[in-house]
Amino acid sequence: MDPTRRTFVATAGTLVAGACLAPLRVATAGDSRMHGLIGKMTAAAGKRDELVAILLEGVHEMPGCLSYVVAHDPKDADAVWITEVWDSEASHKASLQLPAVRAAIARAMPLIAGFGEGATTVPVGGHGLG
C-alpha cells in the first residue's frame, strides 16, 4: 500500500466511522481509557455536503462509540471537523474492519482533497459522557 493510500485509510477510517450502537457508558477505574479523535478533513471543491452525508450515515451502528460529531468549518467552505469519543482504542480499531465502514471509506475517498490538523485525546468526561 503506498504512503498516500495508507494515510488516507488510517485517517479516513478514523473520521468516516459512524457513531454509537452501544449504550452510552463512561470508562471507569479498572476499565480501559476512553479514546478520542479530533480531525479536519477537506472535501474536493463543492463536495463538502456530499462528504458530510457519507460521514453521517450509520451514526448509530458503531459499537463502543460514545460520541461522533461532524461540523462545518465556518472559515473554509470545503472543510469539516470530526470529533469522536470511543469507549476504548480497541473499539475504534475494530470499527475500521466493519463492512459498512470500509464501504463508506471507499465512497468517501474520491470526495476528499486532503486532511488537516488532527489529534488523539484521552477524554475524561463531559456533557453526555458522564
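Bear in mind that the values here come from a model prediction, so they are computed numbers and not experimental data.
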Q: When you compare the side chain of V101 with that of M62, does any pair of heavy atoms fall below 4.5 Å?
A: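 Yes, at least one pair of side-chain atoms sits under 4.5 Å.
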Q: Any sub-3.5 Å donor-acceptor pair from D78's side-chain atoms to G46's backbone N or O?
A: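 Side chain of D78 to backbone of G46: a pair is present.
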Q: Minimum heavy-atom separation for A106 and P110, please, with both atom names.
A: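 Heavy atoms of A106 and P110 come nearest at O-CD, 3.4 Å.
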Q: Does I82 reach the side chain of L37, with side-chain heavy atoms less than 4.5 Å apart?
A: no
Q: What's the separation between atom CG in L51 and atom CZ in R107, rounded to the nearest 0.5 Å?
A: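 CZ of R107 is found 10.5 Å from CG of L51.
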Q: What are the two closest heavy atoms between L98 and E61, and how far apart are they?
A: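 Closest heavy-atom pair between L98 and E61: CD1-O, 4.4 Å.
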Q: Can you tell me how far CG of L111 sits from CD1 of I54, rounded to the nearest 0.5 angstrom?
A: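 Interatomic distance, I54 CD1 to L111 CG, rounded to 0.5 Å: 5.0 Å.
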Q: Is any side-chain heavy atom of V80 closer than 4.5 Å to one of H72?
A: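 Contact flag for H72/V80 side chains = yes.
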Q: Can you tell me how far the CZ atom of R102 sits from the CG atom of L96, to the nearest 0.5 Å?
A: 8.5 Å
Q: Can you tell if the side chain of W81 reaches within under 4.5 Å of the side chain of V69, non-hydrogen atoms only?
A: no
Q: So how far is it from D73 CG to T42 OG1, rounded to the nearest 0.5 Å?
A: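 Between D73 CG and T42 OG1, I get 8.0 Å after rounding to 0.5 Å.
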Q: Would you name the heavy atoms of M34 and P123 that are closest together and state the gap between them?
A: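 Residues M34 and P123, closest heavy atoms: CE-O, 3.3 Å.
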Q: Restricting to non-hydrogen atoms, name the atom on H35 and the atom on T120 that form the minimum distance, rounded to 0.1 Å.
A: CE1-CG2, 3.5 Å
Q: Below 30° counts as parallel, above 60° as perpendicular, anything between as tilted: where do the rings of H92 and W86 land?
A: perpendicular
Q: Below 4.5 Å, heavy atoms only, C-beta onward: do V52 and M41 meet side chain to side chain?
A: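 Heavy-atom side-chain distance check fails, nothing below 4.5 Å.
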